[in-house]
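This report concerns only the one structure given below.
Lettering follows sequence order; numbering is per chain, from 1. In what follows, every heavy atom counts, from backbone to side chain, and hydrogens, waters and symmetry copies are set aside.
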Protein chains: 2
Amino acid sequence: MTAPIQDFAVEQLRKHGYKLTQARWAVILTLAESPSPLAINDLYQQARAHAPDLGLVTVYRTLEILDSLKLVRPVHLMEDYHGYALATPGHTHHVVCQRCKSVVEIEGCDISPFLDRVREETGFHITGHWLELEGICPNCRTKDSGRAEPA
Amino acid sequence: MTAPIQDFAVEQLRKHGYKLTQARWAVILTLAESPSPLAINDLYQQARAHAPDLGLVTVYRTLEILDSLKLVRPVHLMEDYHGYALATPGHTHHVVCQRCKSVVEIEGCDISPFLDRVREETGFHITGHWLELEGICPNCRTKDSGRAEPA
DNA sequence: ACTCTAAATGAAAAACTTTTTCATTTAGAT
DNA sequence: ATCTAAATGAAAAAGTTTTTCATTTAGAGT
(Lines give C-alpha, C1' and ligand atoms only; values in the text may rest on other atoms or scores of the structure.)
Protein backbone atom coordinates (compact mmCIF):
# COMPACT_ATOMS: atom_id res chain seq x y z
CA MET A 1 0.00 0.00 0.00
CA THR A 2 1.33 3.39 -0.99
CA ALA A 3 1.40 6.33 1.40
CA PRO A 4 -1.82 8.32 1.66
CA ILE A 5 -1.82 11.34 -0.57
CA GLN A 6 -2.27 13.72 2.35
CA ASP A 7 1.01 12.54 3.85
CA PHE A 8 2.83 13.60 0.77
CA ALA A 9 1.20 17.00 0.86
CA VAL A 10 2.15 17.48 4.50
CA GLU A 11 5.70 16.38 3.85
CA GLN A 12 6.07 18.83 1.00
CA LEU A 13 4.57 21.61 3.04
CA ARG A 14 7.15 21.02 5.76
CA LYS A 15 9.95 20.65 3.29
CA HIS A 16 9.19 24.11 2.00
CA GLY A 17 9.22 25.67 5.43
CA TYR A 18 5.49 26.01 5.96
CA LYS A 19 4.04 25.17 9.31
CA LEU A 20 1.54 22.40 9.60
CA THR A 21 -1.31 24.16 11.29
CA GLN A 22 -4.71 22.81 12.22
CA ALA A 23 -6.29 24.90 9.54
CA ARG A 24 -4.01 23.57 6.85
CA TRP A 25 -4.41 20.04 7.98
CA ALA A 26 -8.16 20.40 7.87
CA VAL A 27 -8.01 21.67 4.31
CA ILE A 28 -5.64 18.98 3.13
CA LEU A 29 -7.57 16.23 4.82
CA THR A 30 -10.83 17.44 3.39
CA LEU A 31 -9.39 17.46 -0.10
CA ALA A 32 -7.89 14.03 0.43
CA GLU A 33 -11.15 12.59 1.68
CA SER A 34 -13.27 14.10 -1.02
CA PRO A 35 -14.14 11.82 -3.90
CA SER A 36 -14.80 14.84 -6.09
CA PRO A 37 -13.13 18.16 -6.78
CA LEU A 38 -14.25 20.80 -4.34
CA ALA A 39 -15.20 24.35 -5.12
CA ILE A 40 -13.70 26.78 -2.69
CA ASN A 41 -16.82 27.28 -0.69
CA ASP A 42 -17.61 23.59 -0.37
CA LEU A 43 -14.07 22.98 0.70
CA TYR A 44 -14.51 25.65 3.34
CA GLN A 45 -17.78 24.22 4.62
CA GLN A 46 -16.52 20.67 4.76
CA ALA A 47 -13.18 21.56 6.28
CA ARG A 48 -14.97 23.21 9.19
CA ALA A 49 -15.95 19.73 10.29
CA HIS A 50 -12.28 19.23 11.13
CA ALA A 51 -11.50 22.75 12.28
CA PRO A 52 -14.67 24.50 13.42
CA ASP A 53 -13.35 28.03 13.50
CA LEU A 54 -11.52 27.86 10.22
CA GLY A 55 -11.89 31.05 8.23
CA LEU A 56 -12.59 31.27 4.54
CA VAL A 57 -9.54 33.45 4.06
CA THR A 58 -7.37 30.67 5.30
CA VAL A 59 -8.81 28.32 2.75
CA TYR A 60 -7.82 30.76 0.03
CA ARG A 61 -4.39 31.14 1.49
CA THR A 62 -3.87 27.41 1.92
CA LEU A 63 -4.99 26.65 -1.60
CA GLU A 64 -2.60 29.26 -2.85
CA ILE A 65 0.28 27.49 -1.14
CA LEU A 66 -0.83 24.04 -2.21
CA ASP A 67 -1.19 25.29 -5.72
CA SER A 68 2.25 26.84 -5.74
CA LEU A 69 3.66 23.52 -4.60
CA LYS A 70 1.60 21.75 -7.25
CA LEU A 71 -0.10 19.68 -4.60
CA VAL A 72 -3.51 20.64 -5.73
CA ARG A 73 -4.87 21.07 -9.20
CA PRO A 74 -7.83 23.03 -10.49
CA VAL A 75 -10.30 20.82 -12.30
CA HIS A 76 -12.54 22.44 -14.87
CA LEU A 77 -15.54 20.65 -16.15
CA MET A 78 -17.08 21.24 -19.50
CA GLU A 79 -20.16 22.56 -17.88
CA ASP A 80 -19.95 24.96 -15.07
CA TYR A 81 -18.30 23.48 -12.09
CA HIS A 82 -14.80 24.32 -11.14
CA GLY A 83 -13.03 22.88 -8.18
CA TYR A 84 -9.77 21.67 -6.72
CA ALA A 85 -8.48 18.16 -6.26
CA LEU A 86 -5.34 16.93 -4.56
CA ALA A 87 -2.84 15.67 -7.09
CA THR A 88 0.30 13.64 -6.94
CA PRO A 89 3.31 15.39 -8.41
CA GLY A 90 4.30 15.06 -12.00
CA HIS A 91 2.14 15.15 -15.05
CA THR A 92 -1.27 13.72 -14.32
CA HIS A 93 -4.81 14.24 -15.47
CA HIS A 94 -8.21 13.73 -13.94
CA VAL A 95 -11.31 11.96 -15.14
CA VAL A 96 -14.47 13.28 -13.63
CA CYS A 97 -17.75 11.40 -13.47
CA GLN A 98 -20.52 13.41 -15.04
CA ARG A 99 -23.09 11.95 -12.76
CA CYS A 100 -21.54 11.86 -9.31
CA LYS A 101 -18.58 14.16 -9.94
CA SER A 102 -16.08 11.75 -8.47
CA VAL A 103 -12.54 12.16 -9.74
CA VAL A 104 -9.83 9.69 -10.51
CA GLU A 105 -6.30 10.73 -11.17
CA ILE A 106 -4.59 9.31 -14.22
CA GLU A 107 -0.85 9.05 -14.35
CA GLY A 108 0.98 9.66 -17.55
CA CYS A 109 -0.60 10.15 -20.89
CA ASP A 110 0.59 9.54 -24.36
CA ILE A 111 -1.00 11.69 -26.94
CA SER A 112 2.15 12.26 -28.93
CA PRO A 113 0.74 11.21 -32.29
CA PHE A 114 -1.80 13.95 -31.93
CA LEU A 115 0.80 16.43 -30.75
CA ASP A 116 2.92 15.60 -33.76
CA ARG A 117 0.06 16.38 -36.04
CA VAL A 118 -0.54 19.70 -34.37
CA ARG A 119 3.12 20.56 -34.61
CA GLU A 120 3.09 19.89 -38.34
CA GLU A 121 -0.10 21.72 -39.04
CA THR A 122 0.48 24.80 -36.96
CA GLY A 123 4.22 25.12 -36.69
CA PHE A 124 3.81 25.56 -32.94
CA HIS A 125 6.40 24.00 -30.72
CA ILE A 126 4.20 22.31 -28.15
CA THR A 127 5.44 22.71 -24.61
CA GLY A 128 2.57 21.57 -22.50
CA HIS A 129 -1.02 20.56 -22.39
CA TRP A 130 -3.97 20.34 -20.16
CA LEU A 131 -6.40 17.54 -20.59
CA GLU A 132 -9.56 16.79 -18.72
CA LEU A 133 -11.76 13.82 -19.25
CA GLU A 134 -15.37 13.44 -18.49
CA GLY A 135 -17.27 10.21 -18.31
CA ILE A 136 -19.41 7.92 -16.25
CA CYS A 137 -17.73 6.04 -13.45
CA PRO A 138 -18.19 2.28 -13.08
CA ASN A 139 -20.29 2.81 -10.03
CA CYS A 140 -22.78 5.11 -11.68
CA ARG A 141 -22.82 2.91 -14.73
CA THR A 142 -23.99 -0.20 -12.91
CA LYS A 143 -26.49 1.44 -10.60
CA ASP A 144 -27.86 2.77 -13.78
CA SER A 145 -30.47 5.33 -12.89
CA GLY A 146 -29.62 4.90 -9.22
CA ARG A 147 -28.78 7.56 -6.72
CA ALA A 148 -25.20 8.77 -6.40
CA GLU A 149 -25.23 12.43 -5.61
CA PRO A 150 -22.09 13.69 -3.90
CA ALA A 151 -22.10 16.06 -0.95
CA MET B 1 -11.05 31.37 -49.00
CA THR B 2 -13.52 30.31 -46.34
CA ALA B 3 -16.05 32.71 -44.83
CA PRO B 4 -14.78 34.84 -41.95
CA ILE B 5 -15.54 33.36 -38.60
CA GLN B 6 -17.58 36.35 -37.51
CA ASP B 7 -20.01 35.77 -40.38
CA PHE B 8 -20.73 32.36 -39.08
CA ALA B 9 -21.36 33.69 -35.60
CA VAL B 10 -23.73 36.33 -36.92
CA GLU B 11 -25.58 33.80 -39.03
CA GLN B 12 -26.06 31.51 -36.06
CA LEU B 13 -27.19 34.34 -33.89
CA ARG B 14 -29.88 35.25 -36.42
CA LYS B 15 -30.84 31.64 -36.95
CA HIS B 16 -31.59 31.37 -33.26
CA GLY B 17 -33.78 34.44 -33.23
CA TYR B 18 -31.36 36.86 -31.65
CA LYS B 19 -31.12 40.36 -33.02
CA LEU B 20 -27.86 41.57 -34.43
CA THR B 21 -27.30 44.68 -32.41
CA GLN B 22 -24.39 47.08 -32.53
CA ALA B 23 -23.26 45.91 -29.17
CA ARG B 24 -23.25 42.25 -30.18
CA TRP B 25 -21.51 43.00 -33.43
CA ALA B 26 -18.82 44.90 -31.56
CA VAL B 27 -18.24 41.96 -29.24
CA ILE B 28 -18.14 39.41 -32.03
CA LEU B 29 -15.87 41.51 -34.19
CA THR B 30 -13.50 42.13 -31.33
CA LEU B 31 -13.24 38.43 -30.61
CA ALA B 32 -12.76 37.68 -34.30
CA GLU B 33 -10.04 40.26 -34.65
CA SER B 34 -8.19 39.25 -31.55
CA PRO B 35 -5.22 36.98 -32.07
CA SER B 36 -5.47 35.85 -28.47
CA PRO B 37 -8.22 34.80 -26.07
CA LEU B 38 -9.71 37.77 -24.31
CA ALA B 39 -10.58 38.04 -20.66
CA ILE B 40 -13.94 39.63 -20.12
CA ASN B 41 -12.62 43.00 -19.18
CA ASP B 42 -10.19 43.22 -22.07
CA LEU B 43 -12.97 42.22 -24.40
CA TYR B 44 -15.07 45.01 -22.96
CA GLN B 45 -12.34 47.60 -23.31
CA GLN B 46 -11.46 46.62 -26.85
CA ALA B 47 -15.03 46.32 -28.00
CA ARG B 48 -15.68 49.89 -26.97
CA ALA B 49 -13.53 50.91 -29.90
CA HIS B 50 -16.35 49.64 -32.07
CA ALA B 51 -19.27 50.67 -29.87
CA PRO B 52 -18.24 53.48 -27.54
CA ASP B 53 -21.15 53.30 -25.15
CA LEU B 54 -21.18 49.56 -24.81
CA GLY B 55 -21.80 48.44 -21.26
CA LEU B 56 -19.97 45.73 -19.44
CA VAL B 57 -23.24 44.00 -18.64
CA THR B 58 -23.89 43.57 -22.32
CA VAL B 59 -20.55 41.88 -22.77
CA TYR B 60 -21.53 39.38 -20.12
CA ARG B 61 -24.89 38.85 -21.73
CA THR B 62 -23.47 38.49 -25.21
CA LEU B 63 -20.87 36.01 -24.09
CA GLU B 64 -23.59 34.03 -22.42
CA ILE B 65 -25.47 33.76 -25.69
CA LEU B 66 -22.38 33.01 -27.74
CA ASP B 67 -21.43 30.38 -25.25
CA SER B 68 -24.85 28.76 -25.32
CA LEU B 69 -24.58 28.58 -29.11
CA LYS B 70 -21.06 27.20 -28.78
CA LEU B 71 -19.69 30.07 -30.81
CA VAL B 72 -17.21 31.00 -28.21
CA ARG B 73 -15.10 28.84 -26.00
CA PRO B 74 -13.37 29.52 -22.72
CA VAL B 75 -9.63 29.00 -22.93
CA HIS B 76 -7.76 28.21 -19.75
CA LEU B 77 -4.06 28.47 -19.61
CA MET B 78 -1.89 26.52 -17.29
CA GLU B 79 -0.86 29.66 -15.57
CA ASP B 80 -3.38 32.24 -14.65
CA TYR B 81 -5.03 33.69 -17.64
CA HIS B 82 -8.51 32.76 -18.63
CA GLY B 83 -10.25 34.17 -21.65
CA TYR B 84 -12.63 33.56 -24.50
CA ALA B 85 -11.93 32.83 -28.14
CA LEU B 86 -14.33 32.46 -31.04
CA ALA B 87 -14.61 28.88 -32.15
CA THR B 88 -16.03 27.10 -35.14
CA PRO B 89 -18.64 24.52 -34.29
CA GLY B 90 -17.87 20.92 -33.61
CA HIS B 91 -15.11 19.47 -31.55
CA THR B 92 -12.04 21.67 -31.71
CA HIS B 93 -9.18 22.61 -29.46
CA HIS B 94 -6.91 25.58 -29.13
CA VAL B 95 -3.17 25.94 -29.00
CA VAL B 96 -2.03 29.04 -27.21
CA CYS B 97 1.36 30.63 -27.59
CA GLN B 98 3.07 30.99 -24.23
CA ARG B 99 4.92 34.05 -25.35
CA CYS B 100 2.44 36.18 -27.28
CA LYS B 101 -0.77 34.42 -26.22
CA SER B 102 -1.99 34.06 -29.77
CA VAL B 103 -4.44 31.19 -30.32
CA VAL B 104 -4.91 28.81 -33.20
CA GLU B 105 -7.89 26.55 -33.45
CA ILE B 106 -7.28 22.88 -34.18
CA GLU B 107 -9.93 20.80 -35.80
CA GLY B 108 -10.42 17.23 -34.80
CA CYS B 109 -8.18 15.30 -32.53
CA ASP B 110 -7.44 11.69 -32.21
CA ILE B 111 -6.36 10.63 -28.81
CA SER B 112 -8.31 7.39 -28.79
CA PRO B 113 -5.37 5.15 -27.89
CA PHE B 114 -5.00 7.16 -24.73
CA LEU B 115 -8.73 7.14 -24.07
CA ASP B 116 -8.76 3.37 -24.48
CA ARG B 117 -6.08 3.04 -21.86
CA VAL B 118 -8.02 5.22 -19.44
CA ARG B 119 -11.15 3.21 -20.06
CA GLU B 120 -9.34 0.02 -19.22
CA GLU B 121 -7.58 1.33 -16.18
CA THR B 122 -10.41 3.18 -14.57
CA GLY B 123 -13.54 1.52 -15.86
CA PHE B 124 -14.93 4.95 -16.72
CA HIS B 125 -16.94 5.25 -19.86
CA ILE B 126 -15.39 8.36 -21.38
CA THR B 127 -17.92 10.76 -22.83
CA GLY B 128 -15.92 13.86 -23.50
CA HIS B 129 -12.71 15.67 -22.99
CA TRP B 130 -11.24 19.08 -22.88
CA LEU B 131 -7.75 19.57 -24.13
CA GLU B 132 -5.67 22.67 -24.27
CA LEU B 133 -2.24 22.98 -25.73
CA GLU B 134 0.44 25.43 -24.91
CA GLY B 135 3.49 26.14 -27.00
CA ILE B 136 5.52 28.67 -28.86
CA CYS B 137 4.12 29.92 -32.14
CA PRO B 138 6.29 29.95 -35.29
CA ASN B 139 6.43 33.70 -35.14
CA CYS B 140 7.80 33.90 -31.64
CA ARG B 141 10.14 31.04 -32.36
CA THR B 142 11.94 32.78 -35.20
CA LYS B 143 12.10 36.23 -33.66
CA ASP B 144 13.70 34.42 -30.85
CA SER B 145 14.00 36.86 -28.01
CA GLY B 146 12.19 39.48 -30.03
CA ARG B 147 9.15 41.48 -29.05
CA ALA B 148 5.69 40.06 -29.57
CA GLU B 149 3.49 41.25 -26.79
CA PRO B 150 -0.20 41.22 -27.62
CA ALA B 151 -2.62 44.00 -26.67
C1' DA C 1 8.34 21.21 29.86
C1' DC C 2 8.78 26.44 29.10
C1' DT C 3 9.80 30.56 26.39
C1' DC C 4 9.95 33.07 22.48
C1' DT C 5 9.11 34.75 17.83
C1' DA C 6 8.13 34.63 13.16
C1' DA C 7 4.50 32.71 10.75
C1' DA C 8 -0.27 31.91 10.47
C1' DT C 9 -4.88 32.95 11.76
C1' DG C 10 -9.85 34.95 11.85
C1' DA C 11 -12.68 39.03 11.59
C1' DA C 12 -13.70 43.13 9.30
C1' DA C 13 -13.10 46.06 5.59
C1' DA C 14 -11.96 46.98 0.95
C1' DA C 15 -11.65 45.81 -3.77
C1' DC C 16 -13.27 43.48 -7.47
C1' DT C 17 -16.52 40.59 -10.29
C1' DT C 18 -20.94 39.12 -11.71
C1' DT C 19 -26.01 39.37 -11.66
C1' DT C 20 -30.40 41.66 -11.18
C1' DT C 21 -33.56 45.31 -11.83
C1' DC C 22 -35.69 48.76 -14.46
C1' DA C 23 -36.63 52.72 -17.43
C1' DT C 24 -35.06 53.80 -22.13
C1' DT C 25 -33.61 52.62 -26.77
C1' DT C 26 -33.32 49.86 -30.97
C1' DA C 27 -33.76 46.03 -34.59
C1' DG C 28 -36.36 44.57 -37.74
C1' DA C 29 -41.12 42.77 -38.92
C1' DT C 30 -45.28 44.80 -40.73
C1' DA D 1 -43.22 55.15 -41.08
C1' DT D 2 -45.03 52.50 -37.17
C1' DC D 3 -44.93 49.31 -33.68
C1' DT D 4 -43.37 46.00 -30.21
C1' DA D 5 -40.70 42.57 -28.16
C1' DA D 6 -36.00 42.22 -27.40
C1' DA D 7 -31.90 44.41 -26.07
C1' DT D 8 -29.52 48.02 -23.80
C1' DG D 9 -26.89 50.92 -20.15
C1' DA D 10 -26.85 52.67 -15.49
C1' DA D 11 -27.38 51.71 -10.85
C1' DA D 12 -27.99 48.63 -7.26
C1' DA D 13 -27.41 44.24 -5.26
C1' DA D 14 -25.18 40.00 -4.57
C1' DG D 15 -21.22 37.36 -4.58
C1' DT D 16 -16.21 36.50 -4.63
C1' DT D 17 -11.48 37.48 -3.54
C1' DT D 18 -7.88 40.27 -1.36
C1' DT D 19 -6.00 43.29 2.13
C1' DT D 20 -5.29 44.83 6.68
C1' DC D 21 -4.43 44.18 11.40
C1' DA D 22 -4.60 42.62 16.19
C1' DT D 23 -4.41 37.98 18.19
C1' DT D 24 -3.03 33.19 18.31
C1' DT D 25 -0.09 29.23 17.43
C1' DA D 26 3.68 25.97 15.66
C1' DG D 27 7.65 24.50 16.62
C1' DA D 28 12.83 25.84 17.32
C1' DG D 29 15.78 26.86 21.05
C1' DT D 30 16.52 26.23 25.81
To the nearest angstrom, how far is Gln22(A) atom CD from dA26(D) atom C1'?
10 Å
His94(A) meets the side-chain hydrogen bond (donor to acceptor under 3.5 Å, both in side chains) criterion, sequence neighbours left out, with none
Please list each protein N or O that sits under 3.5 Å from an N or O in nucleotides 20-24 of chain D, with the distance.
none

Straight-line distance of Ile5(A) CD1 to Asp7(A) CG, nearest 0.5 Å:
10.0 Å
Can you give me the bend angle of the helix from dA1(C)-dT30(D) to dT30(C)-dA1(D)? Use the axis through the first five pairs and the one through the last five, nearest 10 degrees.
40°
Partners of Thr92(A) by side-chain hydrogen bond (donor to acceptor under 3.5 Å, both in side chains), sequence neighbours excluded?
Arg73(A), Glu105(A)
Indicate, with a heavy-atom threshold strictly under 4.0 Å, whether Asn41(B) touches base, sugar-phosphate, or nothing.
nothing
Using the side-chain hydrogen bond (donor to acceptor under 3.5 Å, both in side chains) criterion, which residues pair with Gln6(B)? Sequence neighbours excluded.
none
Nearest whole angstrom, please: distance from the P of dG15(D) to the CG of Leu56(A).
14 Å
Apply side chain to side chain contact (heavy atoms under 4.5 Å, CB included) to residues Arg61(B) and Val57(B) and explain how you reach the verdict.
CA-CA 6 Å; Arg61(B) 292 192 275 225; Val57(B) 214; 3.8 Å; yes
Hey, which of these two, Thr21(B) or Thr62(A), hits DNA chain C nearer its 5' end, going by closest nucleotide?
Thr62(A)
How would you list, by chain and number, every residue that makes a ring pair (Phe, Tyr, Trp, His ring centres under 6.0 Å) with Tyr84(A), sequence neighbours excluded?
His82(A)
Using whole Å, report how far CD1 of Ile28(A) lies from C1' of dA8(C).
14 Å
With a 3.5 Å cut-off and sequence neighbours excluded, list the donor-acceptor pairs that the side chains of residues 15-33 of chain A form with protein atoms.
unit_1   : atom_1 : unit_2   : atom_2 : d
His16(A) : ND1    : Gln12(A) : O      : 2.9
Thr21(A) : OG1    : Arg24(A) : N      : 3.1
Arg24(A) : NH1    : Lys19(A) : O      : 2.7
Thr30(A) : OG1    : Ala26(A) : O      : 2.6
Thr30(A) : OG1    : His50(A) : ND1    : 3.4

Can you give each donor-acceptor pair under 3.5 Å made by side-chain atoms of residues 110-119 of chain B, sequence neighbours left out, with the distance rounded to 0.1 Å?
unit_1    : atom_1 : unit_2    : atom_2 : d
Asp110(B) : OD1    : Ser112(B) : N      : 3.1
Asp110(B) : OD1    : Ser112(B) : OG     : 2.3
Asp116(B) : OD1    : Arg119(B) : NH1    : 2.7
Arg117(B) : NE     : Glu121(B) : OE2    : 2.9
Arg117(B) : NH2    : Glu107(A) : O      : 2.8

Name the pairs: protein N/O against N/O of nucleotides 5-7 of chain C, kept only if under 3.5 Å.
unit_1 : atom_1 : unit_2   : atom_2 : d
dA7(C) : O4'    : Lys19(A) : NZ     : 3.4

Does the ring pair (Phe, Tyr, Trp, His ring centres under 6.0 Å) test come out yes or no for His91(A) and His129(A), once each step is laid out?
CA-CA 10 Å; His91(A) 183 81; His129(A) 65 266; 4.6 Å; yes
Sequence neighbours left out, what passes side chain to side chain contact (heavy atoms under 4.5 Å, CB included) with Ser102(A)? Give chain and number order.
Pro35(A), Cys97(A), Cys100(A), Cys137(A), Phe124(B)
